[in-house]
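One structure below.
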Amino acid sequence: MTRSRVALLCALGIDNFGSGLFLPLALVYVTQVVGVPLAMAGTAVTLGAVGGLVVPPLAGRLVDRVGPRAVVIVAQLLQAAGAGAYLLADGPGPVVVAAVLLAAGQQLFYSSLFVLIADVAGDVPKDRPFAEVGMVRAACFGLGGLTAGALLTWLGTAGYRIALAVDVVTFFVAASILTAFVQLSRPHRQTCTPTARVLRDRPYLALILFSGLFGLSLDFFLIGTPVFVLDRLHGPAWLPGAILALLTVVTSVGGTLALRLTARLNRIAAMRAGSALFAAWCLVSLGVLVVPDEWIVVYLLASTLVFAAGDLVFGPRSGALAEAAAPPVARGRYLAAYQYAFTVAQVIAPVVVSLFSVANWLPWVLVGACAGLAVAGLGMLGSRLPASAVAPGQS
């Protein structure tokens with residue numbers, strides 16, 4: 001199992017390096033290289049993301065029947081097809097097709113990934129394996145983003161196509177590594193588990209809801225920070241990149257340390273602490289509106305450390321709790337359903353960011369209130385989930 005674990009980390013690192021090359025530039029690529037107007041490009045990419053929302057239920061059933069490795073491999077190939085379609089796109093229609101393929105591949109990937117990680121880790125608590133995967137993926141995504149920046153600096157517009165072409169290759173390489181080196185026993189085919197079981201499990205549905213309130217903070221940070229810094233504060237152009245780089249460094253090295261520091265907390269308590277830190281991040285970030293201009297850069301970088309701490313505390317524990325609370329006979333369907341906590345947040349986050357046009361404080365208050373609701377809701381939920389799932393995991 002050690003070889004499979006190393007191979008999985010390598011495959012996911014390569015996958016995320018490729019994603020870091022292209023995903024942050026997708027909208028810019030469509031406007032500057034394909035030549036689609038911004039409003040139309042945004043609509044096309046959003047349609048693709050919405051189209052991907054139908055995938056998780058299918059992905060969950062596939063995982064329960066054929067196992068997670070095969071589904072993750074198919075997801076890699078589907079993402080390669082989506083990235084390749086972007087490379088060939090010459091107008092809005094092909095962009096929508098590419099966006100749908102890429103979004104479907106991403107949803108298939110995330111709906112099966114955590115079952116694969118759990119199976120590779122074996123019969124141990126999954127907190128540490130999830131933390132290790134998170135660290136590798138964060139580091140490689142950041143490296144991909146830096147590489148994309150270098151390509152654009154040196155090669156100009158041609159750098160977009162090179163970055164996209166390399167992204168396609170990385171998906172194939174990752175799929176090849178998973179095929180050749182990650183070995184799992186095929187699970188027994190399940191034939192008597194009700195297909196609507198997740199919908200009848202109210203505590204698990206509540207876990208999805210409260211995790212989604214947390215997930216909103218993640219997506220708001222990624223797309224809202226550049227808007228807030230550049231459009232509302234009129235800060236320096238390099239500051240959003242510096243904030244993202246700081247987050248990448250902290251999350252790529254701090255995952256296992258955060259587990260050790262929170263070892264005495266059960267998973268619910270750790271998730272509540274992470275949500276509380278996100279609420280604090282919103283409050284602290286709101287405070288920048290009264291900070292003198294000369295201190296804005298330092299202040300925002302410091303506030304990013306609060307956000308990073310929340311991410312490190314909540315992330316691995318949430319995945320481990322979702323996996324442990326799922327019935328073994330339906331893990332694929334349960335963890336695929338859990339993915340909706342984050343996919344719905346991805347759809348909602350741009351709407352929340354748009355509220356900056358109403359008032360600079362409004363999105364921060366809304367996101368902070370959602371994180372506060374997660375703290376309260378998780379506190380009430382803990383006693384309704386299996387005690388073995390809530391118990392502290394690995395440190």
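The structure displayed is predicted, hence computed values, not measured ones.
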CG (L233) and CG (D293) are apart, to the nearest 0.5 Å, by 9.0 Å
Tell me, with the steps shown, if F342 and Y110 meet side chain to side chain contact (heavy atoms under 4.5 Å, CB included). CA-CA 10 Å; F342 304 98; Y110 284 110; over 6 Å; no
Determine the interplanar angle of the F307 and F278 rings, folded into 0 to 90°, and report it as parallel if under 30°, tilted if 30 to 60°, perpendicular if over 60°. parallel
L362: which residues meet the side chain to side chain contact (heavy atoms under 4.5 Å, CB included) condition with it, sequence neighbours left out? L355, V358, A359
Counting N and O atoms only, with roles assigned by atom type, does the side chain of R137 sit under 3.5 Å from a partner on the main chain of L12, one being a donor and the other an acceptor? no
Compare every heavy atom of L9 with every heavy atom of V136, then report the nearest pair and how far apart it is. CG1-O, 3.6 Å
Closest non-hydrogen contact found for S275 with F314 is OG-CE1, 3.5 Å
May I ask you to decide if V182's main-chain N or O and R69's side chain share a donor-acceptor pair within less than 3.5 Å? yes
Got a second to check how far N16's CG is from F141's CZ, nearest 0.5 Å? 7.0 Å
Starting from V249, walk the hydrophobic network (Ile, Leu, Val, Met, Phe, Trp, Tyr; side-chain heavy atoms closer than 4.5 Å) and list everyone else you reach, by chain and number. none
Can you list the residues that meet the side chain to side chain contact (heavy atoms under 4.5 Å, CB included) rule with V284, with sequence neighbours excluded? Y299, S303
Examine distances only and state if a side-chain atom of R161 and a backbone atom of L87 form a donor-acceptor pair shorter than 3.5 Å. yes
d(L277 CG, C282 SG) to nearest 0.5 Å is 11.5 Å
Side chains of V115 and V71 in contact at under 4.5 Å (non-hydrogen atoms): no
Linking I/L/V/M/F/W/Y whenever their side-chain heavy atoms sit closer than 4.5 Å, directly or via other members, would L305 and V367 fall into one cluster? yes
Decide whether Y340 and L321 are clustered together by the hydrophobic rule: side chain heavy atoms of Ile, Leu, Val, Met, Phe, Trp, Tyr closer than 4.5 Å, transitively. yes
Answer with yes or no whether the hydrophobic clustering places I348 together with V365; edges join I, L, V, M, F, W, Y residues whose side-chain heavy atoms lie under 4.5 Å apart. yes
Determine, stepwise, if the pair M135 / T251 fulfils side chain to side chain contact (heavy atoms under 4.5 Å, CB included). CA-CA 6 Å; M135 291 166 64; T251 54; over 6 Å; no
Go through the steps for K126 and D119 under the test salt bridge (Lys or Arg N to Asp or Glu O under 4.0 Å), then give the verdict. CA-CA 10 Å; K126 306 306 187 292; D119 283 356; over 6 Å; no
Check: S357 side chain, S354 main-chain N or O, donor-acceptor pair, under 3.5 Å: yes
F109 vs Q76, test: side chain to side chain contact (heavy atoms under 4.5 Å, CB included). Steps then yes/no. CA-CA 7 Å; F109 176 77; Q76 298 282 14; 3.6 Å; yes
Pair T262-R317, side-chain donor/acceptor within less than 3.5 Å: yes
Please answer whether the main-chain N or O of Y86 pairs with a side-chain N or O of Y29 as donor and acceptor at a distance below 3.5 Å. yes
Just so I know, are the side chains of I296 and L300 near enough to count as touching, which here means a heavy-atom distance under 4.5 Å? yes
Residues 202-223 side chain polar contacts: donor-acceptor under 3.5 Å, at least two apart:
| from | atom 1 | to | atom 2 | distance (Å) |
| --- | --- | --- | --- | --- |
| Y204 | OH | A322 | O | 2.9 |
| S211 | OG | L207 | O | 2.9 |
| S211 | OG | Y338 | OH | 2.8 |

To check you understand the geometry: which heavy-atom pair defines the closest contact between F228 and L289, and what is its length? CZ-CD2, 4.1 Å
Would you say P240 and L244 make side-chain contact, with heavy atoms under 4.5 Å? no
Between R333 and D201, does any side-chain N to carboxylate O distance fall below 4.0 Å? no
Side chains of L239 and P236: does their closest heavy-atom pair fall under 4.5 Å? yes
Shortest non-hydrogen contact from G105 to A75? O-CB, 3.5 Å
Nearest-0.5 Å distance, CZ of residue R232 to CG of residue N360: 4.5 Å
Cluster companions of V166 among Ile, Leu, Val, Met, Phe, Trp, Tyr (side-chain spacing under 4.5 Å): F17, L21, L143, L151, W154, L155, I162
Using side chain to side chain contact (heavy atoms under 4.5 Å, CB included), reason through L152 and Y160 one step at a time and then give a plain yes or no. CA-CA 7 Å; L152 295 179; Y160 287 107; 3.7 Å; yes
Report yes or no: does S318 contribute a side-chain atom to a donor-acceptor pair with the main-chain N or O of G315 at less than 3.5 Å? yes
In Å and rounded to the nearest 0.5 Å, what is the CG to SG distance from D15 to C10? 12.5 Å
Check for me, please, whether V298 and W238 land in the same ILVMFWY cluster - side-chain distances under 4.5 Å, paths through other members count. yes
Is there a side-chain contact between S112 and L62 in this structure, where contact means two heavy atoms from C-beta onward sitting under 4.5 Å apart? no
Distance check, rounded to the nearest 0.5 Å: I268 atom CD1 versus M380 atom CE? 11.5 Å
Restricting to non-hydrogen atoms, name the atom on V63 and the atom on G332 that form the minimum distance, rounded to 0.1 Å. CG1-CA, 3.7 Å
Please check if V353 and W361 belong to a single hydrophobic cluster, counting links between Ile, Leu, Val, Met, Phe, Trp and Tyr side chain heavy atoms closer than 4.5 Å. yes
Between S19 and D167, the two heavy atoms sitting closest are N-OD1, 3.5 Å
Pair R267 + D127: basic N to acidic O under 4.0 Å: yes
Could you tell me if the side chain of M271 sits less than 4.5 Å from the side chain of L265, heavy atoms only? no
Can you find a pair of side-chain heavy atoms, one from F130 and one from V133, that are under 4.5 Å apart? no
Can you list, by chain and residue number, the hydrophobic cluster partners of I14 when the side-chain cut-off is 4.5 Å? V169, V173, I177, F181
